[in-house]
Amino acid sequence: MRSSNRIENITNGGSDGWEIFYKARKLIASGTEVVELSIGEHDIGTDPAILNAMYEAALNGHTGYASVPGIEELRSLIANRTLEKTGIETTLDNVIVTPGGQSALFAAHMAALDDKDIAAYIDPFYATYPTTIRSVGARESRIVTSAKNYFQPTFEQLDSGTKQAKSLLINSPNNPTGVVYSKTTVANICEVAKKNDLWVISDEVYETQIWSNKHISPREIENMSERTLVVGSLSKSHAMTGSRLGWLIGPKEIISKAIDLATNMTYGVPGYIQHAGIFALRKGKEFEQKISKPFNRRQKLAVDILKDFPKLGHIPPQGAMYIMLDIRSTGMNGISFAHELLDTEKIAVMPGESFGEAASGHVRISLTLDDEKFKKTFRTVCNFANSLS
Ligand code: PLP
């Protein structure tokens with residue numbers, strides 16, 4: 001029996017950009033020690049107090065089917081948090097709780113696009129963007145930015161890339177680049193969205209990890225809330241990647257359609273996980289800062305080390321949990337460099353090419369080791385790149 005064209009088309013028989021990651025995992029499974037700086041996962045686990053809240057919730061009976069749109073208390077907390085941050089009226093009817101931000105990305109595209117509609121996104125991009133778009137049967141339009149412009153899309157790039165499109169997916173703070181979109185970039189996105197009549201799908205899963213520049217959600221710009229879908233998650237902000245707890249925020253009519261979708265796909269998020277989410281959000285800003293602080297510290301350590309390596313460039317990190325190293329002086333592309341680095345030094349980093357063509361000749365390094373280990377490993381990467389330059 002043959003599977004559907006739609007599902008065959010998700011990866012199109014091609015690569016999903018994760019070869020280095022799988023190669024590193026294979027080495028680890030065979031007993032080789034590898035330092036992994038290839039994934040967006042904290043070097044700490046979920047806080048024991050949150051796990052305890054999860055356990056208590058399960059013991060207290062939240063193990064049955066939970067409300068599909070999400071427990072009202074959690075939806076209200078998410079809505080109020082958004083209202084506080086943006087000043088834009090948000091109620092629980094604007095919120096659906098999803099199994100992680102990834103599921104919200106899928107739901108947003110399902111809700112916004114018909115079969116074969118064109119969905120735009122910005123290169124470099126988080127690895128699942130093109131495959132999410134193909135999963136819903138839409139076609140892609142890729143807006144390729146430039147390292148020279150620190151990967152901020154220009155008005156012209158946005159406009160020409162969305163002329164035929166129905167949606168535009170953006171991500172700030174950005175994975176992989178660590179760039180936070182400027183006020184001008186966000187204004188351009190909103191202007192183009194109105195001009196070309198687009199849904200803006202704004203992936204804000206790194207919104208608590210900002211070191212410079214201010215995070216501006218397009219939803220808070222005038223007349224944008226009716227055409228903006230915001231993807232959020234506790235994965236990065238609360239070190240809860242494995243709990244699979246995220247959300248989608250948008251106009252209540254489209255959220256009610258996303259609830260129809262959830263009823264037929266995920267059937268909601270386990271109640272004990274949602275209660276842990278309530279507990280986690282109630283811990284407030286201070287806790288979010290505690291989780292994000294180490295990445296701020298380590299990006300500073302990385303920038304400091306780079307002063308000793310004038311041949312290596314980098315994109316000044318403004319947020320998220322990564323630094324993009326420009327290794328073009330080695331004459332290698334990111335893929336060959338990452339393979340050589342893994343083979344020689346047993347350090348796994350992500351080639352820029354895993355995130356599209358704009359980031360080729362770069363590697364993304366996760367800031368996810370304790371400070372001392374990070375400094376040592378980052379210096380080894382720089383020495384390795386320098387020896388090839
Ligand atoms: N969006 C971006 C930009 C990401 O980097 C990730 C995960 O790394 C996700 C979405 C998915 O996150 P979640 O764990 O909430 O599904």
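Order of appearance sets the numbers: ligands from 1, and atoms from 1 within every ligand. Every heavy atom of this structure was used, including side-chain atoms; hydrogens, water molecules and symmetry mates were not. Just so it is clear, the structure is predicted and the values come from calculations on it, not from any experiment.
Counting only N and O atoms by type, the side chains of E41 and T241 include a donor and acceptor under 3.5 Å apart. Using a 3.5 Å distance cut-off with no hydrogens or angles, the side chains of S217 and E204 do pair a donor with an acceptor.
The N171 neighbourhood of ligand 1 comprises atoms 3 (C), with distances under 4.0 Å to a heavy atom of that residue. With ligand atoms numbered from 1 in the order given, ligand 1 contributes 13 (P), 15 (O), 16 (O) to contacts under 4.0 Å with heavy atoms of G101. Close contacts between ligand 1 and G100 involve ligand atoms 15 (O), 16 (O) [criterion: under 4.0 Å to a heavy atom]. Each of the following atoms of ligand 1 lies closer than 4.0 Å to a heavy atom of N175: 3 (C), 4 (C), 5 (O).
A salt bridge links E36 to R25: one of the charged nitrogens lies within less than 4.0 Å of a carboxylate oxygen. With respect to E372 and K375, a salt bridge is recorded, a charged nitrogen being found less than 4.0 Å from a carboxylate O. Ion pairing between a basic and an acidic side chain is recognised when a charged N comes within 4.0 Å of a carboxylate O; D115 and R6 show such pairing.
From the protein, the heavy atom lying nearest to atom 6 (C) of ligand 1 is Y126 CZ, 3.4 Å. Closest to atom 8 (O) of ligand 1 among all protein heavy atoms lies K236 NZ, 2.8 Å. R244 NH2, 2.7 Å is the protein heavy atom nearest to atom 16 (O) of ligand 1.
Considering both main-chain and side-chain atoms, Y206 comes within under 3.5 Å of ligand 1 through a nitrogen or oxygen pair. Ligand 1 has no N or O atom lying under 3.5 Å from any N or O atom of V205, backbone or side chain. Residue-to-ligand polar distances place D203 within reach of ligand 1: an N/O pair is separated by less than 3.5 Å.
The aromatic rings of Y126 and Y129 sit perpendicular, their planes meeting at an angle over 60°, well past the 30° parallel limit.
Cluster partners of I335 are absent, since no Ile, Leu, Val, Met, Phe, Trp or Tyr has side-chain heavy atoms less than 4.5 Å from it.
Distances from ligand 1 to the non-hydrogen atoms of S235 include at least one value under 4.0 Å.
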Which atom pairs, one a donor and one an acceptor, fall under 3.5 Å between side chains of residues 257-273 and the rest of the protein, sequence neighbours left out?
{"from": "T263", "atom 1": "OG1", "to": "I259", "atom 2": "O", "distance (Å)": "2.8"}
{"from": "N264", "atom 1": "ND2", "to": "D260", "atom 2": "O", "distance (Å)": "2.8"}
{"from": "T266", "atom 1": "OG1", "to": "G268", "atom 2": "N", "distance (Å)": "3.2"}

